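The figures that follow rest on heavy atoms only: side chains count, while hydrogens, waters and symmetry mates do not. Here the structure is a predicted model, which means the values were calculated and not measured.
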Amino acid sequence: MNLNLFRLKTKDVYEMLTTGGSGHVKLPRTLESTIFEIVWVAVTVVTWIVILRENKELEEPVPTHFDLEGNPNGHSSLLIFYLILAFMSAASAFFMFYVAYRPRFVNVAKDKTQEDSMRQLKLKGQLGRVLAILLALHPLAFSLTARNGNPVYVIGMVAVLSVVCVVYSILIRLNR
C-alpha cells in the first residue's frame with residue numbers, strides 16, 4: 001500500500017537533476033517530512049527529560065570517555081557534559097535534515113528514468129530523517145554509559161545506525 005506521503009513535483013526535480021545535477025535540487029516540505037520532524041522533536045524532548053532526571057545525582061567530575069572494557073579514562077564537569085551532548089544532538093540532526101532537503105551530497109542516477117531517480121531521492125530523504133531521529137537518541141546512550149560505565153549503550157547505538165545505513169544503502173542500490 002502506497003500512502004504517497006512524499007509528494008514531489010517529479011517533473012521539476014527530474015529536470016533539475018538532468019540539467020544541473022543534484023546540487024541544485026531542493027526537496028519540498030511534505031507530510032512525510034513533517035511527521036519525521038515531529039517525531040524527532042518528541043524523541044529529543046523525551047531524551048532530554050530522561051537525561052536530566054537520571055543524571056541529577058551524578059557527582060563531579062563525570063566520566064566522559066571509556067576504554068573498551070568500560071573503565072573511565074576521561075572526565076569532565078556535568079555542565080560541559082550536557083553541553084557536549086546537546087551540541088552533538090543538534091549538529092547531527094541539523095546536518096541530517098539539511099541533507100534530506102538538499103541532496104547535494106548524494107549521487108542520483110541521471111541516466112535512469114524519472115521514476116527511478118525520484119525513488120532514490122525519496123529513499124535518501126528518508127534515510128536522512130531516520131538518521132536524525134536515531135542520532136537524537138545518542139545523547140541518551142552516552143548519558144547511560146557515563147552513569148553506569150557500561151559501553152553497551154553506545155555500541156548498541158552504533159550497531160543500530162550501521163544496520164539502518166546498510167539497509168537503506170541496499171534499498172537505494174536496488175532502485176538504481
To the nearest 0.5 Å, how far apart are [atom1] in [X] and [atom2] in [Y]?
X      : Y      : atom1 : atom2 : answer
Leu127 : Ile172 : CG    : CD1   : 5.5 Å
Thr30  : Lys122 : OG1   : NZ    : 10.0 Å
Thr44  : Leu137 : OG1   : CG    : 8.0 Å
Ile133 : Ile38  : CD1   : CD1   : 10.5 Å
Phe94  : Leu135 : CZ    : CG    : 14.5 Å

Do [X] and [Y] land in one hydrophobic cluster if side-chain heavy atoms of ILVMFWY residues count as linked below 4.5 Å?
X      : Y      : answer
Ile155 : Leu131 : no
Leu83  : Phe87  : no
Leu140 : Val152 : yes

Could you check whether any side-chain heavy atom of [X] comes within less than 4.5 Å of a side-chain heavy atom of [Y], counting everything from C-beta outward?
X      : Y      : answer
Trp40  : Arg129 : no
Gln126 : Glu32  : yes
Ser33  : Tyr101 : yes

Within residues 125-168 or reaching into it, pairs that qualify as ring-ring contact (aromatic ring centres under 6.0 Å, His included) - sequence neighbours excluded: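 Of all non-adjacent pairs touching residues 125-168, those that pass ring-ring contact (aromatic ring centres under 6.0 Å, His included) are His138-Phe142.
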Distance-minimising heavy-atom pair for Met96 and Gly128: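 That would be CB-O, 3.2 Å.
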Over all heavy atoms of both residues, which pair between Ala136 and Val43 is shortest? Give the atoms and the distance, please.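 Smallest heavy-atom distance, with atoms named: CB-CG1, 3.9 Å.
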Are any side-chain N or O atoms of Ser89 and backbone N or O atoms of Ala86, one a donor and one an acceptor, separated by less than 3.5 Å?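 No; judged by distance alone, with no hydrogens or angles, the pair does not exist.
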Under 3.5 Å, which donor-acceptor pairs do the side chains of residues 158-165 form with other protein atoms, sequence neighbours left out?
unit_1	atom_1	unit_2	atom_2	d
Ser162	OG	Val158	O	2.8

With salt bridge (Lys or Arg N to Asp or Glu O under 4.0 Å) as the rule and sequence neighbours excluded, what pairs involving residues 35-49 come up?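 For residues 35-49, and leaving out neighbouring residues, the salt bridge (Lys or Arg N to Asp or Glu O under 4.0 Å) pairs sorted by first residue read Arg29-Glu37.
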